[in-house]
Amino acid sequence: MATDFKSIPIIDISPLVAKCDDPKRVQDPDVLEVVGQLDQACREAGFFYVKGHGIPDSLIKDIKNVTRKFFDLPYEEKLKIKLSAAAGYRGYQRIGENITKGIPDMHEAIDCYREITPGMYGGLGKIIEGVNQWPHDPPNFKYEILFFCALIDLSRKIMRGIALALGGSADEFEGERAGDAFWVLRVIGYPGVSNTNGQNAPENDIGCGAHTDYGLVTLVNQDDGITALQVRNLSGEWISAPPIPGTFVCNIGDMLKIWSNGMYDSTLHRVINTSPKYRVCVAYFYEVSPTYPFYALSSLAPGNDPHTVPSLHEQPNFDAAVEPLDICKEKTGGIKKFEKAVYGEHLASKLETNFV
């Protein structure tokens with residue numbers, strides 16, 4: 001359960017990144033210090049920044065640039081990859097098409113999901129069957145975004161730290177729980193506030209309404225210099241999460257809340273861009289998948305087969321039954337606080353109500 005936190009903690013995870021796969025990691029005082037900080041952040045805020053992550057600044061800059069170039073295109077050009085139910089809810093959505101709790105969000109986006117062949121998950125996965133729609137302009141957009149798969153390795157290491165923080169083994173969230181990876185990636189653009197004395201201003205200023213994420217963990221790359229992300233504490237105050245150069249914002253989602261039996265809560269957050277500047281971010285939602293090893297960035301260059309590239313956002317097995325871990329039940333009085341949930345059903349219910 002979140003507390004009355006007043007700021008989002010910053011965690012230097014470099015010891016965890018360096019020694020995550022070392023069998024002696026649990027004996028390393030620096031790793032254990034990171035694990036303790038993760039535990040505190042997940043208990044108190046459900047949000048934290050990570051630094052010392054090892055992702056090159058040049059890579060992050062390239063992704064920002066290609067994302068901005070796409071959103072700068074004429075509307076008619078962006079509509080060439082328009083999101084639709086027939087496309088499995090993949091593609092471009094214009095401003096106001098994404099809905100949060102019945103209210104249109106003031107952002108545009110490209111939504112991408114793991115490509116699912118017909119019948120892969122039976123009737124459960126039918127809603128999300130399809131292939132991703134990638135723009136042809138700007139050139140190499142697809143491959144620049146695929147570079148974000150470098151975050152697979154980072155996210156896996158963060159989740160190993162969280163597993164240790166909960167008192168489990170480092171691979172608690174691997175294997176059967178999340179071995180058949182599903183992923184979601186959102187590239188998002190938030191218009192700036194109009195500076196024409198209210199003329200041409202949107203009907204509301206909520207870039208994305210208050211919500212929790214429905215996966216395990218999320219990593220967000222924010223535009224520098226624009227504070228828009230807000231996180232709600234226990235008293236209902238909205239605490240800003242400003243962009244900090246060299247960091248990613250990380251937060252936990254609904255599935256981890258269930259697996260942890262409520263020890264870690266998925267915290268409400270929203271986006272309000274009060275700046276006159278256009279804001280871009282890439283939201284990368286992750287659930288560990290040991291079936292995808294870390295791939296060298298060179299393997300993602302244009303010309304290589306994109307189907308051999310690992311997923312950008314690892315979710316639990318689409319049909320995985322998610323319920324409190326025994327070790328978490330023991331730590332919370334032996335009472336199971338949440339009933340079993342099926343990840344695919346949870347995602348499908350969101351998709352069917354999230355768009356106009």
Side-chain angles (χ1 to χ4, degrees), residues 7-22 25 28-42 45-65 67 144-165 170-171 173-174 181 183 185-187 213 215-225 229 231 241-253 256 264 280-290 292-300 309-314:
S7 62
I8 310 300
I10 304 172
I11 304 176
D12 183 349
I13 61 170
S14 53
L16 181 65
V17 169
K19 300 181 180 180
C20 184
D21 295 319
D22 187 334
R25 58 185 170 261
D28 188 289
D30 293 332
V31 172
L32 293 180
E33 174 65 22
V34 174
V35 168
Q37 291 180 37
L38 288 172
D39 182 51
Q40 183 176 356
C42 290
F47 268 77
F48 50 94
Y49 296 90
V50 293
K51 67 177 184 177
H53 47 70
I55 306 298
D57 289 341
S58 59
L59 172 59
I60 298 168
K61 182 179 179 180
D62 287 345
I63 292 167
K64 286 180 180 178
N65 288 341
T67 298
E144 293 288 357
I145 295 301
L146 286 176
F147 273 120
F148 243 79
C149 77
L151 290 178
I152 292 174
D153 191 54
L154 171 61
S155 301
R156 169 179 165 268
K157 288 173 180 176
I158 292 173
M159 278 309 306
R160 284 196 153 201
I162 288 176
L164 292 172
D171 59 355
F173 295 105
E174 301 180 12
W183 57 266
L185 174 72
R186 301 201 75 222
V187 182
D213 292 345
L216 222 174
V217 295
T218 304
L219 287 173
V220 176
N221 169 233
Q222 302 187 82
D223 242 354
D224 292 336
L229 177 61
V231 184
I244 299 175
T247 71
F248 289 91
V249 178
C250 184
N251 66 278
I252 63 176
L256 183 52
Y264 299 164
V280 299
C281 78
V282 179
Y284 168 101
F285 307 88
Y286 177 93
E287 308 293 69
V288 176
S289 172
Y292 290 112
F294 178 61
Y295 283 66
L297 297 182
S298 60
S299 70
L300 306 180
V309 175
S311 300
L312 303 180
H313 162 203
E314 311 298 351

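Position 1 is the first residue of the sequence, and the numbers go up from there. In this text, all values refer to a predicted model and were calculated from it rather than measured experimentally.
- Between Ala170 and Leu164, the shortest heavy-atom contact is N-CD2, 3.8 Å.
- Between Ile10 atom CD1 and Lys51 atom NZ the span is 6.5 Å, to the nearest 0.5 Å.
- Of all the heavy atoms in Phe48 and Ile8, the pair that sits closest is CA-CG2, 3.6 Å.
- In this structure, CE on Met159 lies 12.0 Å from CG on Leu154, to the nearest 0.5 angstrom.
- Considering every non-hydrogen atom in both Cys250 and Val217, the closest pair reads SG-CB, 4.3 Å.
- How far OG1 of Thr247 is from CD1 of Ile13: 10.5 Å, rounded to the nearest 0.5 Å.
- The main-chain N or O of Ser155 is never found under 3.5 Å from a side-chain atom of His53 such that the two would form a donor-acceptor pair.
- The CG atom of Asp21 sits 4.0 Å away from atom CZ of Arg156, with the distance rounded to the nearest 0.5 Å.
- Look at Asp30 and Lys19 and you find no salt bridge, because none of the NZ, NE, NH1 or NH2 atoms lies under 4.0 Å from a carboxylate O.
- Between Leu38 and Ile162, the closest heavy-atom pair is CD1-N, 4.1 Å.
- Side chain of Gln37 to main chain of Pro9: no donor-acceptor pair is present (N/O by atom type, distance under 3.5 Å, no hydrogens or angles).
- Shortest non-hydrogen contact noted between Asp12 and Ser14 is OD1-OG, 2.7 Å.
- Side-chain N or O atoms of Asn221 include none that pairs as donor or acceptor with a backbone N or O of Val282 at under 3.5 Å.
- Taking each heavy atom of Lys157 and Leu16 in turn, the nearest pair found is O-CD2, 3.2 Å.
- Taken from CG in Asp213 to CG in Leu256, the straight-line distance is 11.5 Å, to the nearest 0.5 Å.
- Taking the side chain to side chain donor-acceptor pair (under 3.5 Å) definition, one finds that Asp39 meets it with Arg43, Tyr264, sequence neighbours left out.
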